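In what follows, a single structure is set out as structure tokens and then discussed.
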Amino acid sequence: MTSLRSNSGSGLTLKGLTVAKLRKKLPETFGIAEWYGFPFGLLSAGQRSHFAEIQFATKDDRPFVPCPFLSRPGRLIACWKKGGVCSLRKYGLVVDQDGRRMGEFRDELIRTTCPSRFQDAGEIYRWIGRELLNKEDAVPIGQVPFLNRVPQMGTTEDTDFVTGKEVGRIDNILVVPGTKPLDWCAVEVQAVYFSGDTMEGDFEYARNFVGPGIPYPAGRRRPDYRSSGPKRLLPQLQIKVPTLRTWGKKMAVVVDESFFGALGQMKSADDLSNAEVVWFVARYENVNSEPRLVPGRVFLTRLEEAQAGLVAAKPVTLPQFEKQILSRLPRT
């Protein structure tokens with residue numbers, strides 16, 4: 001068995017490695033950054049255990065846990081996200097002289113996994129209102145019908161088709177009431193999915209972890225920008241932006257800086273009048289030791305540039321592709 005020993009000059013060592021070198025060699029993964037709106041690193045062992053117990057309770061026995069980002073004074077709204085994890089961040093593994101494993105945050109970048117996290121104090125909507133509508137107090141409205149069903153190939157319109165049945169919606173509309181013509185813009189909010197192990201192992205470990213420090217994630221996972229961007233956000237833009245373009249309206253897309261940083265390079269539009277997609281890139285800022293989502297940068301693009309940035313890839317050449325085909329043919 002590998003021995004751990006204390007070294008007064010450089011701290012914990014493993015086979016002669018200093019702490020600095022040891023941390024580089026131990027695995028990194030992603031774990032909870034915020035849980036039910038609370039910074040994970042500031043939770044006590046009792047609070048972690050309480051939140052973990054919720055995950056193993058039956059649906060009828062689960063307590064009401066408000067979402068601090070959706071709730072407003074006088075109106076508490078329950079957290080709707082399974083597991084209650086608002087965001088992730090990168091962890092490294094640290095082992096103390098007694099062999100106990102604990103987590104260590106490896107960077108300050110928080111990755112938003114719940115779209116409701118962007119509702120923090122309504123600041124995002126005020127920001128979009130200032131930039132696109134010249135009105136900070138524009139009103140957000142959710143789930144407005146946008147698409148109606150058309151007859152299907154195997155039906156006859158007069159017998160099988162119900163005219164006007166909605167099949168698609170725009171998630172958020174930011175509108176200035178009382179304006180004629182009505183002044184508004186569409187808003188698409190995109191968090192990041194993650195791939196890898198589910199959070200159940202983390203919940204179980206957090207339920208029993210008493211410290212010192214914070215628990216290291218039990219599972220191996222990472223933010224999945226490929227699923228979140230090309231597979232989820234891109235189809236929404238391709239469906240909605242062309243119609244918004246004909247109406248003379250803009251699509252605001254809200255992401256955090258980690259998501260935006262994972263996009264391919266995009267050419268920016270030279271003016272808002274030439275933009276179809278307006279990226280609102282929010283960032284996290286520590287306020288009284290707690291992360292707050294605040295306005296970051298605004299980036300203007302046309303739909304074609306947004307598509308290229310989300311795909312973040314280019315086709316291989318024909319010779320390269322055919323070489324791969326030949327390499328996969330069965331040998332005779």
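Given the structure is predicted, the values throughout are model-derived calculations rather than measurements.
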- Message: Under a plain distance cut-off of 3.5 Å, with no hydrogens placed, do Glu290 and Asn286 share a side-chain donor-acceptor pair?
- Response: no

- Test log, rule side-chain contact (heavy atoms from CB on, under 4.5 Å), inputs Leu272 and Leu132: CA-CA 8 Å; Leu272 179 60; Leu132 298 187; 3.7 Å; yes

- Item | From Thr243 atom OG1 to Leu147 atom CG, the distance as rounded to the nearest 0.5 Å | 7.0 Å

- Item | Hydrophobic cluster identity match, Ile54 and Phe40, side-chain contacts under 4.5 Å | yes

- Item | Arg101 charged N/C atom sitting above Tyr216 aromatic ring, 6.0 Å / 45° | no

- Taking the side chain as every heavy atom from C-beta outward, state whether Ser227 and Ser195 have any pair of such atoms under 4.5 Å apart. no

- Query: If you count the non-hydrogen atoms of other residues, nucleotides and ligands that lie under 6.0 Å from CZ in Phe321, is the total more than 12?
  - Reply: no

- Message: Tell me whether Glu276 is salt-bridged to Arg302, with the criterion being a basic N under 4.0 Å from an acidic carboxylate O.
- Response: yes

- Query: With the 4.5 Å side-chain cut-off for hydrophobic clustering, are Val277 and Leu244 part of the same group?
  - Reply: yes

- Task: Please report the shortest heavy-atom distance between Cys67 and Ser116, naming the atom on each side.
- Result: SG-CB, 4.5 Å

- Message: Any heavy-atom pair between the side chains of Leu310 and Leu263 that's under 4.5 Å?
- Response: yes

- Message: I'd like to know whether Glu53 forms a salt bridge (charged side-chain N to carboxylate O under 4.0 Å, His left out) with Arg207, so could you lay out the CA-CA distance, the side-chain angles of the two residues, the decisive distance to 0.1 Å, and finally the verdict.
- Response: CA-CA 7 Å; Glu53 291 289 350; Arg207 176 163 62 171; 3.4 Å; yes

- Ile128 versus Val187: any side-chain heavy-atom pair under 4.5 Å? yes

- Item | Ile77 backbone acceptor or donor facing Ser71 side chain under 3.5 Å | yes

- Query: Are any side-chain N or O atoms of Glu104 and backbone N or O atoms of Val94, one a donor and one an acceptor, separated by less than 3.5 Å?
  - Reply: no

- Message: In the structure I gave you, are the side-chain heavy atoms of Arg169 and Val144 within less than 4.5 Å of one another anywhere?
- Response: no

- Does a donor on one side chain and an acceptor on the other come within less than 3.5 Å for Thr317 and Gln320? yes

- Could you tell me whether a side-chain N or O of Arg48 sits under 3.5 Å from a main-chain N or O of Leu43, the two making a donor and an acceptor? yes

- Message: Suppose we call two aromatic rings close when their centres sit under 6.0 Å apart. Are Phe259 and Tyr225 close by that rule?
- Response: yes

- Task: Using the side-chain hydrogen bond (donor to acceptor under 3.5 Å, both in side chains) rule, pick out the option among Arg130, Gln119, Glu136 that qualifies with Tyr125.
- Result: Gln119

- Geometric class of the Tyr36/Phe51 ring pair [parallel <30°, tilted 30-60°, perpendicular >60°]: tilted

- Item | Aromatic contact, Phe260 with Phe299 (centres under 6.0 Å) | yes

- Query: Of all heavy-atom pairs between Ser87 and Glu34, which one has the smallest distance, and what is that distance?
  - Reply: OG-OE1, 2.6 Å

- Task: Decide yes or no for Ser228 and Leu233: does some side-chain heavy atom of the first lie under 4.5 Å from some side-chain heavy atom of the second?
- Result: no

- Take atom CD in Glu108; do more than 12 heavy atoms of anything else shown fall under 6.0 Å from it? no

- Query: Is the shortest distance from a Lys or Arg side-chain nitrogen in Glu123 or Arg126 to a carboxylate oxygen in the other one below 4.0 Å?
  - Reply: yes

- Are Glu257 and Arg297 close enough for a salt bridge, meaning some N to O gap below 4.0 Å? no

- Between Asp183 and Lys249, what is the shortest heavy-atom contact and its length? CA-NZ, 4.2 Å

- Would you call Ser258 and Ile110 a side-chain contact if the rule is heavy atoms closer than 4.5 Å? no

- side-chain contact (heavy atoms from CB on, under 4.5 Å) between Asp256 and Val281, intermediate numbers included: CA-CA 5 Å; Asp256 64 23; Val281 185; over 6 Å; no

- Message: With rounding to the nearest 0.5 angstrom, report the CD to CD distance, Glu188 to Gln236.
- Response: 5.0 Å

- Nearest heavy-atom pair of Phe146 and Ile170: which atoms, and what distance? CD1-CD1, 3.5 Å

- Task: Hey, could you give me the CG/CD1 distance between Asn172 and Ile124, rounded to the nearest 0.5 Å?
- Result: 11.5 Å

- Item | Arg72 atom CZ, over 12 foreign heavy atoms within 6.0 Å | yes

- Derivation of the side-chain contact (heavy atoms from CB on, under 4.5 Å) call for Tyr193 and Thr113: CA-CA 6 Å; Tyr193 307 137; Thr113 55; over 6 Å; no

- Message: Less than 4.0 angstrom from a charged side-chain N to a carboxylate O is my criterion; do Asp120 and Arg292 meet it?
- Response: yes

- Should Phe56 and Met199 be counted in the same cluster of Ile, Leu, Val, Met, Phe, Trp and Tyr side chains packed under 4.5 Å apart? yes

- Message: Does Phe38 have more than 12 heavy atoms from other residues, nucleotides or ligands lying within 6.0 Å of its CZ?
- Response: no

- Those residues that, when tested against Trp127, pass ring pair (Phe, Tyr, Trp, His ring centres under 6.0 Å) (two or more places apart): Phe280

- Nearest 0.5 Å please: distance from the CD atom of Gln55 over to the CD atom of Glu204. 11.5 Å

- Task: Working to the nearest 0.5 Å, report the span between CD of Gln324 and CD of Glu322.
- Result: 11.0 Å

- Message: How close do Arg232 and Asp171 get, counting heavy atoms only, and between which atoms?
- Response: NH2-OD2, 3.8 Å

- Query: Do Phe105 and Ile214 touch side chain to side chain, with heavy atoms closer than 4.5 Å?
  - Reply: yes

- Is the NZ or CZ atom of Arg117 both under 6.0 Å from the centre of the six-membered ring of Phe69 and within 45° of that ring's axis? yes

- Task: Report the C-alpha distance between Tyr91 and Phe30 in whole Å, list the side-chain angles of each, state the deciding distance to 0.1 Å, and finish with yes or no for ring-ring contact (aromatic ring centres under 6.0 Å, His included).
- Result: CA-CA 6 Å; Tyr91 280 70; Phe30 286 84; 8.7 Å; no

- Message: Using the ring centroid of each side chain, check whether Trp35 and Phe203 are separated by less than 6.0 Å.
- Response: yes

- Under a 4.5 Å cut-off applied to non-hydrogen side-chain atoms, are Val255 and Trp279 in contact? yes

- Taking the six-membered ring of Phe194, is the NZ or CZ of Arg221 close enough (under 6.0 Å from the centre) and on axis enough (within 45°)? yes

- CD (Gln265) with more than 12 external heavy atoms under 6.0 Å: no

- Task: Can you sort out the partners of Tyr205 under ring pair (Phe, Tyr, Trp, His ring centres under 6.0 Å), two or more places apart, ordered by chain and number?
- Result: Phe209

- Note on the structure: Distance col, row Glu28:CD vs Arg220:CZ, nearest 0.5 angstrom, shows 8.5 Å

- Look at the side-chain heavy atoms of Ile, Leu, Val, Met, Phe, Trp and Tyr, link any pair under 4.5 Å apart, and say whether Met251 and Leu303 land in one connected group. yes

- Are Ile141 and Val189 linked, directly or through other ILVMFWY residues, by side chains that come within less than 4.5 angstrom of each other? no

- Note: Ala269 and Asn274 closest approach over all heavy atoms is CB-O, 4.0 Å

- Query: When you look at Asp271 and Ser273, which way does the side chain to side chain donor-acceptor pair (under 3.5 Å) test go after all the steps?
  - Reply: CA-CA 5 Å; Asp271 187 79; Ser273 61; 2.7 Å; yes

